*Asks:* 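Please read through the structure below; I'll follow up with questions.
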There are 2 protein chains.
Amino acid sequence: MNIDSALPALAALAHPTRLEAFRFLVRHEPEGLSTGELVDASGLTQSTFSTHLAVLAKAGLVKSEKLGRQQIQRADIDTLRELMLFLAKDCCQSRPELCEPLLAELTCC
Amino acid sequence: MNIDSALPALAALAHPTRLEAFRFLVRHEPEGLSTGELVDASGLTQSTFSTHLAVLAKAGLVKSEKLGRQQIQRADIDTLRELMLFLAKDCCQSRPELCEPLLAELTCC
DNA sequence: AATTCCTATCGGAAATATCCGATGAATTTA
DNA sequence: TAAATTCATCGGATATTTCCGATAGGAATT
């Protein structure tokens, strides 16, 4: 993950519909959900939501797999991890003491 | 940090100029930098960059302090930590095993 | 007091994002 | 084969973001 891959990931998550959908998918790992189920949960039009899903997919945050005539969507935790690592990298590398409280809270879960 | 505070933080970081500026400020913790120094580093107009800085400030990612006639800007690591915690929370709470590799890489720095 | 320096904000133009209905492609069911 | 289901993509209208020059306010300097 570098600045060019972090930017689309951040932009993908910086929208209420997409952030909600991504969090929804994370909570449904590792089974995933079909596009239709996500559309229903979003309350938006199928075409509108499909566009949002494409943004998440292009950012690498969601991977999909064809299953019959539906498309199963799954959150990509690896990309999320890489994004968080990218965000933490700057403060950790230059100033390890800045990251200690960050890691302290993260390890509690 | 909840969804309503995470969204503006993500949107603030989802822009090349603002992400670059925030990372620049993190690397200059805890001294901070004046707005003018940041403007020079960005290569943009003073007014344009000032608008970007206001977005970061509104999201709580940057705090500023008046020093003489310049304004010293500093990255707020606490907000960054809370944002990362928010992103990690979903996968950690529901599925601790998903977050182990995430934490493993984070603790290495 | 006048001038210079530093920064925030206003107004408007251009670019981008967002949303929807309609259409099309692929798959399953009848 | 025909109809129904599931989903991606196109066209276009609206909203938001982004960018800049111009302006204004506060603080230091002369």
Side-chain angles (χ1 to χ4, degrees), chain A residues 3-25 28 31-76, chain B residues 3-25 28 31-76:
Chain A
I3 235 180
D4 290 326
S5 52
L7 276 171
L10 290 165
L13 295 177
H15 187 282
T17 297
R18 294 192 295 259
L19 182 57
E20 196 80 58
F22 180 72
R23 283 158 49 91
F24 197 44
L25 282 176
H28 283 79
E31 320 86 42
L33 291 168
S34 72
T35 305
E37 291 173 306
L38 290 167
V39 168
D40 292 344
S42 76
L44 291 175
T45 298
Q46 180 269 325
S47 77
T48 297
F49 189 83
S50 183
T51 304
H52 285 306
L53 210 46
V55 173
L56 285 166
K58 196 164 186 178
L61 287 163
V62 166
K63 297 282 159 60
S64 76
E65 184 190 357
K66 186 171 265 178
L67 180 69
R69 58 183 159 189
Q70 36 190 5
Q71 202 79 19
I72 302 300
Q73 311 287 339
R74 297 186 58 232
D76 190 325
Chain B
I3 236 181
D4 291 326
S5 53
L7 275 171
L10 289 165
L13 295 177
H15 187 282
T17 297
R18 293 193 295 259
L19 181 57
E20 196 81 57
F22 179 72
R23 283 159 48 92
F24 196 44
L25 282 176
H28 284 80
E31 319 87 42
L33 291 167
S34 72
T35 305
E37 291 173 304
L38 290 168
V39 168
D40 292 343
S42 76
L44 291 176
T45 298
Q46 179 269 325
S47 77
T48 297
F49 189 83
S50 182
T51 304
H52 283 305
L53 209 46
V55 174
L56 285 167
K58 195 163 189 180
L61 287 163
V62 166
K63 297 281 160 58
S64 76
E65 184 190 359
K66 186 170 260 179
L67 180 70
R69 59 183 159 187
Q70 41 190 4
Q71 201 80 19
I72 302 300
Q73 311 287 340
R74 297 186 58 231
D76 190 326

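Order of the sequence lines fixes the chain letters, A, B, ..., with proteins taken first and strands second; residue numbering starts at 1 for each chain. In this text the structure is predicted, and so the values were computed from the model without any measurement.
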*Asks:* Specify the residue among A:Leu44 and B:Glu37 whose closest nucleotide of DNA chain C lies further upstream toward the 5′ end.
*Replies:* B:Glu37
*Asks:* Pick the nucleotide of DNA chain C nearest each of A:Leu67 and B:Thr48; which residue has the one closer to the 5' end?
*Replies:* B:Thr48
*Asks:* On the nucleotide C:dA17, are OP1 or OP2 found under 4.0 Å from the side-chain N or O atoms that B:His15 carries?
*Replies:* no
*Asks:* Any chance you could lay out the side-chain contact (heavy atoms from CB on, under 4.5 Å) test for A:Thr35 and A:Gln70, step after step, and finish with the verdict?
*Replies:* CA-CA 7 Å; A:Thr35 305; A:Gln70 36 190 5; over 6 Å; no
*Asks:* Return the OG1 to CG distance between A:Thr51 and A:Leu44, rounded to the nearest 0.5 Å.
*Replies:* 10.5 Å
*Asks:* So, taking the atom named CD in B:Glu37 and the one named CG in B:Leu25, what distance separates them when rounded to the nearest 0.5 Å?
*Replies:* 10.0 Å
*Asks:* Nearest to the side chain of B:Ser50, heavy atoms from C-beta on, is which of D:dC19, D:dA4, C:dT9?
*Replies:* C:dT9
*Asks:* Would you give the length of the straight line joining atom CZ of A:Arg18 to atom NE2 of A:His52, rounded to the nearest 0.5 angstrom?
*Replies:* 6.0 Å
*Asks:* Does A:Arg69 place a side-chain N or O at less than 4.0 Å from the phosphate oxygens OP1/OP2 of C:dA25?
*Replies:* no
*Asks:* Classify the nucleic acid contact of A:Thr35 as base, sugar-phosphate or nothing, counting any heavy atom under 4.0 Å across all strands shown.
*Replies:* sugar-phosphate
*Asks:* With heavy atoms under 4.0 Å as the rule, sort A:Thr17 into base, sugar-phosphate or nothing.
*Replies:* nothing
*Asks:* Which one, D:dC19, D:dT5, D:dG26, comes nearest to the side chain of B:Lys66?
*Replies:* D:dG26
*Asks:* What nucleotide, of D:dT18, D:dC7, D:dT5, holds the atom closest to the side chain of A:Ser34?
*Replies:* D:dC7
*Asks:* Closer to the 5' end of DNA chain D via nearest nucleotide, is it B:His52 or A:Gln73?
*Replies:* A:Gln73
*Asks:* Spell out yes or no: do the side chain of A:Gln46 and the base of D:dA8 have one donor N/O and one acceptor N/O closer than 3.5 Å?
*Replies:* yes
*Asks:* Can you identify which nucleotide, out of D:dC20, C:dC6, D:dA8, has its nearest atom closest to the A:Gln71 side chain?
*Replies:* D:dA8
*Asks:* Could you work out which one of C:dA22, C:dC6, C:dT29 sits closest to the side chain of B:Gln70?
*Replies:* C:dC6
